[in-house]
Each structure stands twice: as C-alpha cells, then as structure tokens.
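These notes concern the structure reproduced below.
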Amino acid sequence: MDNKEQQDRREARRKKRLRSQIMVYTVFLLVIVALGTGIGYGVYALMENRKASEEKEQDNQELIEEMLATEESLPSIEPTPEPTPEPTPEVVEPTREEKLDAYVDERIAQMPLEDKVAGLFVVRPETITGVGTAVQAGDGTRQALEDKPVGGLIYFDQNIQSEAQLKEMLANTAQYAKYPMFLAVDEEGGSVSRIGAAIGPKIDGAGAIGETGDPENAYQAGVAIGTSLAGLGFNVDFAPVADLANVEGSVMQGRAYGSDVSVVSSFVTSMVRGLREQKVSACLKHFPGMGSTTQDTHDGKVSTDRTAEQFWAEELAVFQAGIDEGADMVMVSHMAAPALTGDNEPSIFSRTLVTGILREQMGFQGVIITDALDMGAISEYYAADEAAIMAVLAGCDMLLMPEDYEKAYTGVLEAVRNGNVDEERINDSLRRIYRIKYADIVE
C-alpha cells in the first residue's frame, strides 16, 4: 500500500475520532445544560414556593390580628350554662277519700234522674210493695226496687217473725236492690226496741243506762245492738237519742241519757262508737234537741222557748260531740225552734238550721235525714209533696216515711225537672249517701 492511501486512512480515522469526540462533548454539554435548567427551575420553584408560603403566613397573621381586633370590639358574652334537667314529677297516689269520691261521682253520673230522686227516700217495705204486712222479699220487692229504687227501707215490729225469717228477707232485699240500700230500724233499747222485743238481746233504755253513771255501759249497749243488727243484715240504726231530758215531764224522759250536757255527751259518743265498730251507721236524733218540750210531734205541732244561747251551750253541744265521734247521720225533728230558725215552722224546713247551723257551723258532712214525715206535726199541715220539697230545699238529704210516698216522689221529681230544685242539689245529697254506702267497697 502506498503512502497516499495510508495517509487517507489515517485522515479518515482522525476525522471519525473527531466526530465521536464532538458527539460526546455535545451529549455531555446537553446533559450539563439540562441539569442546569432543572436545577435552575427547581431553585426558582423553591423560591416561589417559599415566597407564596411567606405571603400566606403573612395573610394568616393579618387575619388573626383582624379577628382579635374584632373580638376585642365585641361585647363580652357569657358562656351558656348547661340546662338543668327538669326534676321528674313525683307520682302522688290518690288517698282513699279521693278514690271514694271519684267512685261515688262515677256511679251518680250513670243514674237517671228518676233513680236519683227515689234514692232520697227511706220508706216501709209495704210502701213500695203494696202488701199489708211485709214479712218476706220476693218478686214484688224485686220489681218495686227496679221501678223506684228507694234509698232505704225501715222495718218495724210487724215485719219480724223470727230471726231466720228476718235475715232471709233482708238478704233478699239487698240482693234485689238496683243500688246499695240502707236497711234501717229504730233500735234504741228500752221502750223503743224492734229487734230486742222480738228476737233479742234486750237492752236497757238510754235513761236507765245513763243512771249507771258509766259511759262504758252505753258502749257495750252499742256493741250488743250493733252485733245483732249487723248479723241480721241491717246497716243503719236510728239511734242514739242525743236529746237532753232537761224539763220536767220531758217527751224524751227515759229515752235520753239524762239532762247534764257533759254526762250525756259521753254516753252518746260511747253508743256511737259501739255501733260504728260493728259497721252499723249511727243516727243522732232529734236535732236540734227536743227534750225541752213535753209535747209529741206525732200528735201535732210542737215548739220550744229555749234561747239560742241555751241551745248552743247544751243541746247542740251534745250533738257536736256525737258528730265529732263519727256519727254517719243526724235526724232533724219537726219541733219548731224559733230562737234558732226565726220562725215557728218545723225544724226540717229551716235552711238556717239545717244548712247554716248543722252543716256549716257545726261542720257535719254526713247524711241529714228528716224525722218521719207521716207524723202529725207534718201530715196535718202540709201536703206530702210540699213537705218533701221544702225539706230538700232546707238541706235535708233523705226523706223518711212520707205520708204519701208517690205524691212526695213525684213532687220532688217535677220540682227538679221544672228548675225549682237544682239537680246538683240532689247530686250533693246522693254523694253524702253513697259515701256511706260505698265506704267498705273502696280501699
């Protein structure tokens, strides 16, 4: 190979190396430029980031300062206290009295007016059945009590044949009754003794018991009479006599425990307690006290000249003692007591006496019943319907033995219907009546 060819090859190799070096330098330069650009951008981005962060921090600081400035300018607000939880109301169980009142009101609300009016009357069994002498209770009694459910029946000597007969008659009557009934009798002891005279036990009269000077004897008499009556089926005794036999020849001589107020009061309360313990309702009689007269209201009008001061110091004090002892009933007499009533009308017609004195001043909340309306002091001067209405308006709760029951019943019924007697007045009496009748039903 000649020199020229060798030179050409060497020149070609040199150029090739040169190109390779140029390419290497170019790539290296490009890498350097790329790295520089990346680093520059990174530095720039970092700077911008830092600048933005600083600006944001400054903005936040300014916002905080503005908020603090605003907060300082606002009024101070106290923190809202946590609400106090309402106390759970205590559940109060109604008392027995409240339960009894509610029970009675519910029963009365269900009664038709005709039954309400009939419930004010206490009559003989013969009055509703039409028989000559009632010695048993059968279909006639059942129908009569369905048609006119009277509030009570009162029994006398002629109704008693034997203990078994009387017991059966009373049990059947109670079973047939549309509503609870008073089954009553006059059982004072002594001369006024329906059961004792026919069946026993025989109990001395109040006068004889009073002469012993020991009120315990009156209590034992009440227990004995109450035990006997309850065992037969009675629930009301029209006793004890709370009159004072305080004049010579008093109409209450022998039937009253005596004439001394404190002595008689102790005997009366003892008798009431004895009856009550046997679950027999006692009835104090004859309000306001008729022992100061020698006349009998069975025969006609009777009046007394006792002053109001004398009544309050003596007769009414005895009745007050019996009321405080828990007597369920008080019987009002037909005697006129003008010093208390302001007129000569029978006491049962005096609103001043019945409502004003007995109910309000003396605080008696039990049943006020009239003496028998077929007695001469009433039947000879007043029609049966007139007497019944007048007694109701005066404040009497029950009407005993009107001379004409149908007329008396119709009269009171019509008086309510035409507005002369408020129906609520009848309801008031029934509440007092049924509080006694339902007393053992509500616990």
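The shown structure was predicted, so the numbers you read here are calculated from the model rather than taken from an experiment.
Put simply, the side chain of Asp237 gets close to the backbone of Glu187: a donor and an acceptor are under 3.5 Å apart. Between the side chain of Arg351 and the backbone N or O of Leu393 there is at least one donor-acceptor pair closer than 3.5 Å. Checking side-chain atoms of Ser228 against main-chain N and O of Ile225 turns up no donor-acceptor pair under 3.5 Å. The closest donor-acceptor contact from the side chain of Asp385 to the backbone of Lys407 lies at 3.5 Å or more, if one exists at all. With hydrogens and angles disregarded, a donor-acceptor distance shorter than 3.5 Å links the side chain of Thr370 to the backbone of Leu400. Panel note: side chain Lys148, backbone Ile128; no donor-acceptor pair is recorded below 3.5 Å. No donor-acceptor distance shorter than 3.5 angstrom exists from the side chain of Thr304 to the backbone of Thr293, with no hydrogens or angles considered. Lys437 places a side-chain N or O within 3.5 Å of a backbone atom of Gly151 that can act as its donor or acceptor partner. In this structure a side-chain-to-backbone donor-acceptor pair under 3.5 Å is present from Arg359 to Gly366. The main-chain N or O of Ser347 is never found under 3.5 Å from a side-chain atom of Ser350 such that the two would form a donor-acceptor pair.
At least one side-chain heavy atom of Leu145 sits less than 4.5 Å from a side-chain heavy atom of Met181. Proximity of Ile378 to Ile348: side-chain heavy atoms (C-beta onward) are separated by under 4.5 Å at one or more points. Residues Lys116 and Ser429 are not in side-chain contact: their nearest non-hydrogen atoms beyond the backbone lie 4.5 Å or more apart.
If you run salt bridge (charged side-chain N to carboxylate O under 4.0 Å, His left out) between Asp101 and each of Arg96, Arg107, Arg435, only Arg435 comes through. Looking at Asn235, Leu229, Leu183 one by one, the single match for side-chain contact (heavy atoms from CB on, under 4.5 Å) with Leu170 turns out to be Leu183.
Using a 30° and 60° split on the angle between ring planes, Tyr438 and Tyr434 fall in the parallel class, below 30°.
Judged by the 6.0 Å distance and 45° axis criteria, Lys301 is positioned over the aromatic ring of Tyr381. Remark: Arg194 fails to qualify as a cation-pi partner of Tyr155 under the 6.0 Å distance and 45° angle criteria applied to the six-membered ring.
Nearest heavy-atom pair across Thr133 and Glu126 is CA-OE2, 3.6 Å. In this structure, Thr269 and Glu325 approach most closely via the heavy-atom pair O-CG, 3.4 Å. Across all their heavy atoms, Ser292 and Arg306 have their closest contact at OG-CG, 3.3 Å. Closest non-hydrogen pair, Pro240 versus Ala282, comes out as CD-CB, 4.2 Å. Val354 and Ala394 get closest at one heavy-atom pair: CB-O, 3.5 Å. Heavy-atom minimum distance, Cys283 versus Ile369: SG-CG2, 4.1 Å.
Between the side chains of Asn217 and Gln220, no donor N or O sits under 3.5 Å from an acceptor N or O. Glu414 and Asn418 share no side-chain donor-acceptor pair at under 3.5 Å. Using a 3.5 Å distance cut-off with no hydrogens or angles, the side chains of Glu423 and Asn427 do not pair a donor with an acceptor. Looking at Asp305 and Ser303, their side chains never bring a donor and an acceptor atom within 3.5 Å of each other.
At most 12 heavy atoms of other shown residues, nucleotides or ligands fall within 6.0 angstrom of atom NZ in Lys279.
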